[in-house]
Amino acid sequence: MPIPFILLLLLLSFLVWRRRSMAKYLVTCAFLLLLFLSSQLSVNTLVRPLESVYPINSTTITGPCFVMILGSAHSDIQGATAVQSLSTVALARLTEGIRQLNLGQECQLIVSGWGGELTHVSHAEMMANAAIELGVDKHRIIQFPLARDTLEEAQYLQSTLGQASFRLVTSATHMPRAMTIFAAKGLYADAAPTDFIGRADFGWRLTADNLVASQRAIHEYIGRLWLWLKTLS
């Protein structure tokens, strides 16, 4: 998380303020880090390499198929519909999942995600309800309400599909790591990325959107490093 890390650097600079050279170094690092991560340079350096691995998928699906949407987040909003309760990321994934569903004739939609600590309804149930609101037949939806992360989603899918192929829908930044996890489980996914955040912008603009994009990219790089370390153990 860039902002807490930058604040930590600033806090450390205050704690070592009497050591002026060290304090100046920490403040300079915090400033340069904020400048880089909120700029278009960060998007070009961190985000786009992840999002360029798998192209947009509009290939027609023939025969029986499954479309798997990886979970994201939602909120319990009083009086809101399921669609309105989804996070921006979850809504982007759901709409792409429904688009993929419509590319075939006999496809089933798989949604996943547990409730977490801040919501009373599982994310899988909220995604299923939102899909129904958007016109998907409830009998075509499979839920994995206990899956807490991508690894568990792969495990649940493996026990359900076995070696059957499927379309995998997730954010473009997350897709390379997700494909690695599913492949390690012997699952044959056809990538369908969505939620592209590496937008082109003026190089001089420093925005909160770039900070968010940088945070998500860093999350993925750390996740890939963790996967690599697990394979060594």
Side-chain angles (χ1 to χ4, degrees), residues 1-17 20-58 69-75 77 80 83-100 116 118 123 127 130 149-150 168-180 191-227:
M1 295 182 288
I3 293 178
F5 184 71
I6 290 170
L7 291 175
L8 178 61
L9 291 178
L10 293 176
L11 176 61
L12 290 175
S13 70
F14 282 111
L15 294 177
V16 298
W17 190 251
R20 293 300 178 89
S21 59
M22 177 63 72
K24 289 180 180 179
Y25 174 77
L26 291 172
V27 170
T28 300
C29 287
F31 172 76
L32 293 177
L33 191 60
L34 178 62
L35 185 68
F36 171 69
L37 294 178
S38 60
S39 70
Q40 185 65 30
L41 178 61
S42 173
V43 173
N44 294 340
T45 305
L46 300 177
V47 179
R48 287 186 174 172
L50 293 173
E51 295 191 333
S52 62
V53 176
Y54 296 96
I56 294 173
N57 194 337
S58 297
I69 304 176
L70 298 190
S72 179
H74 71 274
S75 301
I77 303 173
V83 170
Q84 293 168 338
S85 300
L86 296 180
S87 68
T88 303
V89 174
L91 186 57
R93 294 181 183 184
L94 178 61
T95 52
E96 176 62 20
I98 294 175
R99 188 180 80 88
Q100 293 296 325
L118 301 177
H123 186 63
M127 288 283 276
D149 54 27
T150 307
L168 180 62
V169 178
T170 189
S171 301
T173 52
H174 180 51
M175 185 62 78
R177 183 160 63 98
M179 291 290 284
T180 299
T194 187
D195 184 34
F196 291 86
I197 56 176
R199 308 293 184 182
D201 200 353
F202 296 105
W204 50 265
R205 289 189 65 188
L206 307 178
T207 69
D209 288 340
N210 289 339
L211 268 177
V212 172
S214 299
Q215 176 176 315
R216 288 173 58 179
I218 292 170
H219 176 85
E220 291 304 319
Y221 287 118
I222 292 176
R224 294 170 75 177
L225 175 62
W226 176 244
L227 278 178

Rounded to the nearest 0.5 Å, how far apart are CD of Gln84 and CG of Leu91?
-> 10.5 Å
Mind listing the closest non-hydrogen atom pair of Ala172 and Glu51 along with its distance?
-> CB-CG, 3.7 Å
Straight-line distance of Ile69 CD1 to Leu94 CG, nearest 0.5 Å = 5.0 Å
Closest non-hydrogen atoms of Ala217 and Val47, given as atom of the first, atom of the second and distance, are CB-CG2, 3.9 Å
Where is the tightest heavy-atom contact between Leu37 and Pro2, given as atom of each residue plus distance?
-> CD1-CB, 3.4 Å
Quick one: pull up OG in Ser171 and CZ in Phe196 and give me the separation to the nearest 0.5 Å.
-> 9.5 Å
Would you check, one step at a time, whether the test side chain to side chain contact (heavy atoms under 4.5 Å, CB included) holds for Arg177 with Leu227?
-> CA-CA 9 Å; Arg177 183 160 63 98; Leu227 278 178; 3.6 Å; yes
What distance separates Trp17 CH2 from Leu26 CG, expressed to the nearest 0.5 Å?
-> 10.5 Å
Greater than 12 external heavy atoms within 6.0 Å of Ile3's CD1 = no
Where is the tightest heavy-atom contact between Gly71 and His123, given as atom of each residue plus distance?
-> CA-CD2, 3.6 Å
What is the minimum heavy-atom distance between Arg199 and Gln40, and which atoms define it?
-> O-NE2, 3.0 Å
With sequence neighbours excluded, tell me which residues meet ring pair (Phe, Tyr, Trp, His ring centres under 6.0 Å) with His174.
-> none
Would a 4.5 Å heavy-atom cut-off, applied to side chains only, mark Val53 and Met175 as touching?
-> no
Trace of the side chain to side chain contact (heavy atoms under 4.5 Å, CB included) decision for Ile218 with Ile222 = CA-CA 6 Å; Ile218 292 170; Ile222 292 176; 3.8 Å; yes
Exercise: identify the closest heavy-atom pair between Ser38 and Leu211 = CB-CG, 3.9 Å
Nearest 0.5 Å please: distance from the OG1 atom of Thr173 over to the CD atom of Glu220.
-> 5.0 Å
Just by distance, do the side chain of Thr150 and the backbone of Ala178 share a donor-acceptor pair under 3.5 Å?
-> no
Any pair counted as salt bridge (charged side-chain N to carboxylate O under 4.0 Å, His left out), so long as it reaches residues 89-98, sequence neighbours left out = Glu96-Arg99
Can you check side chain to side chain contact (heavy atoms under 4.5 Å, CB included) on Leu46 and Phe36, steps first, answer last?
-> CA-CA 11 Å; Leu46 300 177; Phe36 171 69; 4.1 Å; yes
Do Val169 and Gln100 touch side chain to side chain, with heavy atoms closer than 4.5 Å?
-> yes
Between atom CG of Leu35 and atom OG1 of Thr28, what is the distance when rounded to the nearest 0.5 Å?
-> 12.0 Å
Just wondering, more than 12 heavy atoms not from Phe5 lying within 6.0 Å of its CZ?
-> no
Could you check if a side-chain atom of Thr170 sits within less than 4.5 angstrom of a side-chain atom of Tyr54, using non-hydrogen atoms only?
-> no
Between Thr45 and Ser42, is there a donor-acceptor pair closer than 3.5 Å when you use the side chain of the first and the backbone of the second?
-> no
Taken in chain and number order and not counting sequence neighbours, the residues that satisfy ring pair (Phe, Tyr, Trp, His ring centres under 6.0 Å) with Phe14 are none
